[in-house]
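The structure appears right after this line, and notes come after that.
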Amino acid sequence: MKLPRRQLLHLAAGAAAMPAISRIARAQTYPTRPVRWILGFPAGGLSDIVARLMAQWLSGWLGQPFVIENRPGAASNIATEAVVRAPADGYTLLLVSPANSTSATFYDKLNFNFIHDIAPVAGIIRAPNVMEVNPSVPATTVPEFIAYAKANPGKLNFASAGNGTNVHLTGELFKMKTGVNVVHVPYRGSAPALTDMIGGQVQLMFDNLPSSIEYVRTGKLRALAVTTATRSPALPDIPTVGDFVPGFEASVWQGVGAPKNTPPEIVEKLNKEINAALADPKMKAQLANLGSTVLALSPAELGTLIAEETEKWGQVIRAANIKPE
């Protein structure tokens, strides 16, 4: 049977519209089952707390459980690879962080290319690191510490949460920009490093503010500065390192990623809902109590942040010749 030309054109137009209609319908109904959110960090830390707050919001507003799955190890690369290998359907997400930006240079052989294989979805938080010293250190300002360190080259230690971590690299950036000679002492996480900081076995640390803020508030550690470009609302009287060291900036940030080729309609739906959560006064207050501020970004803006951070910390890793242990 030969169909009239006009009818053929209508049928062709309808067929062409079908994929778009199905994509829109998929986004409208998403999610229809539980969503796995994989974290490369253990339970109980800042990343876990922030993700669980956001998962609770998303579960309530999208009508399906967002289930946190902790897969710590290998600087978040185990978790990242699990998400890279997952179906690109919106039902497996990744908590992205500075660990992903540094791993690209820190590790010679990874089974994935983070920037290429993970689609940015949304930002969540940004928090400063805090430049802190044991109270026995005779310095109450950044310039005083720089002078003291230069008068005692190689005699002061700085602790980190592990080789190649954001805390470590922030210290290396400080060394590069100030010319001080302080010796890096890596620990297996912030908790044991802070124990030795309080005990005086090490003198300096650039810890994530949420981990250290109570020790600063109670006087067990002395905060000299925060590492972000602006002061932290959690410690409004503490200056920034950049006030004394031009161009210095470092922070810990967190966001959400998904496997590449995840339908853009689903990415946009997640981004819209996450940004709605970040605009909620109660959520803002909860995140502020953790020493962080909201990081509301579009997927493209998160992608730009990841690329910039990868380049920045890659330069530090190469210049300091930092290698995995």
For a salt bridge (charged side-chain N to carboxylate O under 4.0 Å, His left out) check, start with the C-alpha distance between K312 and E308, then their side-chain angles and the critical distance, and finish with the verdict. CA-CA 6 Å; K312 172 182 178 176; E308 291 174 348; over 6 Å; no
Residues forming a side-chain contact (heavy atoms from CB on, under 4.5 Å) with N70, sequence neighbours excluded: L39, A43, D48, R52, I68, P72
Check each of V130, N166, V241 against T227 using the side chain to side chain contact (heavy atoms under 4.5 Å, CB included) test, and report the only one that passes. V241
Do T240 and D243 have side-chain atoms, one donor and one acceptor, less than 3.5 Å apart? yes
Using salt bridge (Lys or Arg N to Asp or Glu O under 4.0 Å) as the criterion, list what pairs up with E301, not counting sequence neighbours. none
So do the side chains of V202 and N134 get within less than 4.5 Å of each other, counting heavy atoms only? no
Report yes or no: does T102 contribute a side-chain atom to a donor-acceptor pair with the main-chain N or O of A99 at less than 3.5 Å? yes
Show your reasoning for whether side-chain contact (heavy atoms from CB on, under 4.5 Å) applies to T170 and W313. CA-CA 9 Å; T170 302; W313 295 116; 4.2 Å; yes
Does the pair L194 and E132 meet the rule for a side-chain contact (heavy atoms from CB on, under 4.5 Å), with working shown? CA-CA 10 Å; L194 288 168; E132 58 195 6; 3.6 Å; yes
With distance as the sole test, does K150 use its side chain to make a donor-acceptor pair with the main-chain N or O of G179 at under 3.5 Å? no
Min side-chain heavy-atom separation Y215-M197 under 4.5 Å: no
Strictly distance-based, threshold 3.5 Å: is any side-chain N or O of N208 a donor or acceptor partner for the main-chain N or O of P210? no
Give the intermediate values and the outcome of side-chain contact (heavy atoms from CB on, under 4.5 Å) for residues L270 and Y30. CA-CA 10 Å; L270 286 167; Y30 169 87; 3.7 Å; yes
Can you confirm whether the side chains of Y107 and N77 place a donor and an acceptor under 3.5 Å from each other? no
Compare all side-chain heavy atoms of T165 with those of F106 and state whether any distance is below 4.5 angstrom. no
When you compare the side chain of L278 with that of L287, does any pair of heavy atoms fall below 4.5 Å? yes
By side-chain contact (heavy atoms from CB on, under 4.5 Å) - contacts of Q64 (at least two apart): P31, P34
Does one side chain, of T218 or E214, offer a donor that lies under 3.5 Å from an acceptor on the other? no
I'd like to check R231 versus P239 (side-chain heavy atoms, cut-off strictly below 4.5 Å). Are they in contact? yes
Check V294, I124, L53 against M283 for a side chain to side chain contact (heavy atoms under 4.5 Å, CB included) and give me the one that passes. L53
Min side-chain heavy-atom separation V185-D196 under 4.5 Å: no
Check whether any side-chain heavy atom of S136 sits under 4.5 Å from a side-chain heavy atom of Q203, and report yes or no. no
Can you confirm whether Q254 sits close enough to S47 that some side-chain heavy atom of one is under 4.5 Å from a side-chain heavy atom of the other? yes
Judged by atom type as modelled, is there a donor-acceptor pair below 3.5 Å linking the side chain of R217 to the main-chain atoms of L235? no
N/O donor-acceptor pair under 3.5 Å between N152 side chain and Y148 backbone: yes
Specify whether F174 and F248 have parallel, tilted or perpendicular ring planes, treating 30° as the upper limit for parallel and 60° as the lower limit for perpendicular. perpendicular
Under the side-chain contact (heavy atoms from CB on, under 4.5 Å) rule, what do I306 and F114 come out as? Steps first, then yes or no, please. CA-CA 9 Å; I306 291 168; F114 180 75; 3.7 Å; yes
